[in-house]
Amino acid sequence: MGTGTLHIDLEAVAANWRALDAKSARSCETAATVKANAYGLGVVPVATRLFSEGCRAFFVATADEGLELRRALGPEPRIYCYYGHMPGDTATIKRADLVPLICSVDQLTRHLETLPRQPFGIQLDTGMNRLGLKMWEWAAVGELALQAEPVLLMSHLASADDPDSPQSAAQLALFHEMTDGLPMPRSLAATGGILLGPEYHFDMVRPGIGLYGGMPFAGADPVVSLDLPVVACFDVAEGETVGYNATWQARAPSRIATIAGGYADGLIRALGAGMDVMAGPVPCPVVGRVSMDLLTVDISHLDRDPESLRVIDAHRRVDDLAAVAGTIGYEILTSLGSRYQRHYRA
Ligand SMILES: *Cc1c(COP(=O)(O)O)cnc(C)c1O
């Protein structure tokens, strides 16, 4: 048996895609970012569901992710790779008919030399300083690149999750400066950028986290829930301690449940202090350190021992756990390990 059961609601993913799609004009295509195994939720079921919903453009990070997706979805959808055209990717890009999003001058040269007829896009750096051609590089090689007719010009916002950040407007202005007047489709917005408003949408938006129920898309339907079975329940006397380094001490006689999940399953160690799990409607505090495969929970206030406890649901979302652990929903979601049994609701 797996450590627990991760329920993934594909109808909610589809509803989130439709809701994000409705935020942009009809002329703006809504793609889906499904890198990192669809943020840990399973790229094949997620992308298959979105394809049947009408999504025809998918973004992954690596060419290998693109190949897996091509096998699952067949020839029709466009599959773009954020890592661009890396050394060793050429055969995969060709075989899986991927659209590498070229992110350096080296990559541009590699692509035009090895696969001159394979469609490609261009990533422009408008201030995030992570991937993409800088202004001066674009000035130098833009003409060469444009002669080869890229199918997409894109950039990425560094602070789109914070509507008060002035960085988004600055990046928007630079993106205009670098691309205005060019005939090819443009894309700037991920989830955060969609919510910033229509001036950020251009011809295509490429949400990820919002599809999976995460912030900054506050209106998202919840997608995941997680139940962990109880392995054992026992009493501890007043003054006894629980777990590694004895960080929790019983102030009264207490009953503890040990449940099947730990930091190897994405319940990262920083969650230990301050996290509640649910026995039906009743919150129960996690006590002591998170172990690799186990959590210990104070269930003294329950009238009977539970069979399982719920860690994530509609009221206790990935972003709430992230807040406890001092991280972001993206990290919790992508950490949820591979040991869980996965149940998909179509
Ligand atoms: C991951 C990623 C996205 C999707 O971002 P979300 O915030 O998850 O919507 C879009 N574009 C690029 C370049 C990315 O790396």
Side-chain angles (χ1 to χ4, degrees), residues 13 16-21 23-24 28-41 43 46-47 50 55 57-63 65-66 69 78-86 98-104 107 120-133 150 152-163 165 167-168 171-172 175 179 185-197 200-221 223-224 317-319 322 327-336:
V13 175
N16 291 333
W17 184 79
R18 290 190 301 262
L20 289 167
D21 183 39
K23 291 184 187 299
S24 56
C28 172
E29 178 170 17
T30 302
T33 291
V34 294
K35 64 195 180 195
N37 196 27
Y39 292 38
L41 300 185
V43 66
V46 164
L50 290 174
C55 182
F58 294 86
F59 288 78
V60 294
T62 73
E65 290 176 345
L69 192 55
R78 277 154 295 128
I79 301 174
Y80 301 84
C81 301
Y82 289 132
Y83 281 3
H85 191 149
M86 292 179 59
L98 307 175
V99 183
L101 296 162
I102 299 301
C103 52
S104 68
Q107 285 202 354
F120 67 100
I122 301 264
Q123 298 193 63
L124 299 169
D125 182 17
T126 54
M128 182 159 182
N129 283 312
R130 189 179 67 172
L131 282 183
L133 303 181
L152 186 69
L153 302 177
M154 62 157 276
S155 187
H156 192 49
L157 297 168
S159 304
D161 58 339
D162 173 9
S165 168
Q167 192 178 13
S168 299
Q171 289 193 256
L172 176 64
F175 192 55
T179 61
R186 295 184 283 181
S187 176
L188 179 61
T191 304
I194 294 174
L195 302 172
L196 289 179
Y200 287 88
H201 296 170
F202 294 89
D203 303 297
M204 186 194 276
V205 293
R206 16 170 245 279
I209 193 72
L211 303 173
Y212 312 115
M215 289 296 282
F217 184 22
D221 282 355
V223 169
V224 287
R317 300 190 39 176
V318 163
D319 287 284
T327 179
I328 53 173
Y330 297 72
E331 190 183 6
I332 300 290
L333 206 53
T334 54
S335 303
L336 294 176

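Start at 1 and go down the list; that is how both ligands and their atoms are numbered.
Side-chain N or O atoms of Ser159 include none that pairs as donor or acceptor with a backbone N or O of Asp162 at under 3.5 Å. Between the side chain of Arg317 and the backbone N or O of Gly213 there is at least one donor-acceptor pair closer than 3.5 Å.
Taking a heavy-atom cut-off of under 4.0 Å, ligand 1 is surrounded by Thr33, Lys35, Tyr39, Tyr82, Arg130, Met154, His156, Ala190, Thr191, Arg206, Pro207, Gly208, Ile209, Tyr330.
Just one residue in the list Thr191, Ile194, Asp161, Leu211 forms a side chain to side chain contact (heavy atoms under 4.5 Å, CB included) with Phe217, and that residue is Thr191.
The aromatic rings of Phe202 and Phe175 stand perpendicular to each other, their planes meeting at an angle above 60°, with 30° marking the opposite boundary.
The nearest pair of heavy atoms linking Leu196 to Pro163 is CD2-CA, 3.9 Å.
Separation of atoms CG (Asp319) and CD1 (Ile332) is listed at 9.0 Å; rounding is to 0.5 Å.
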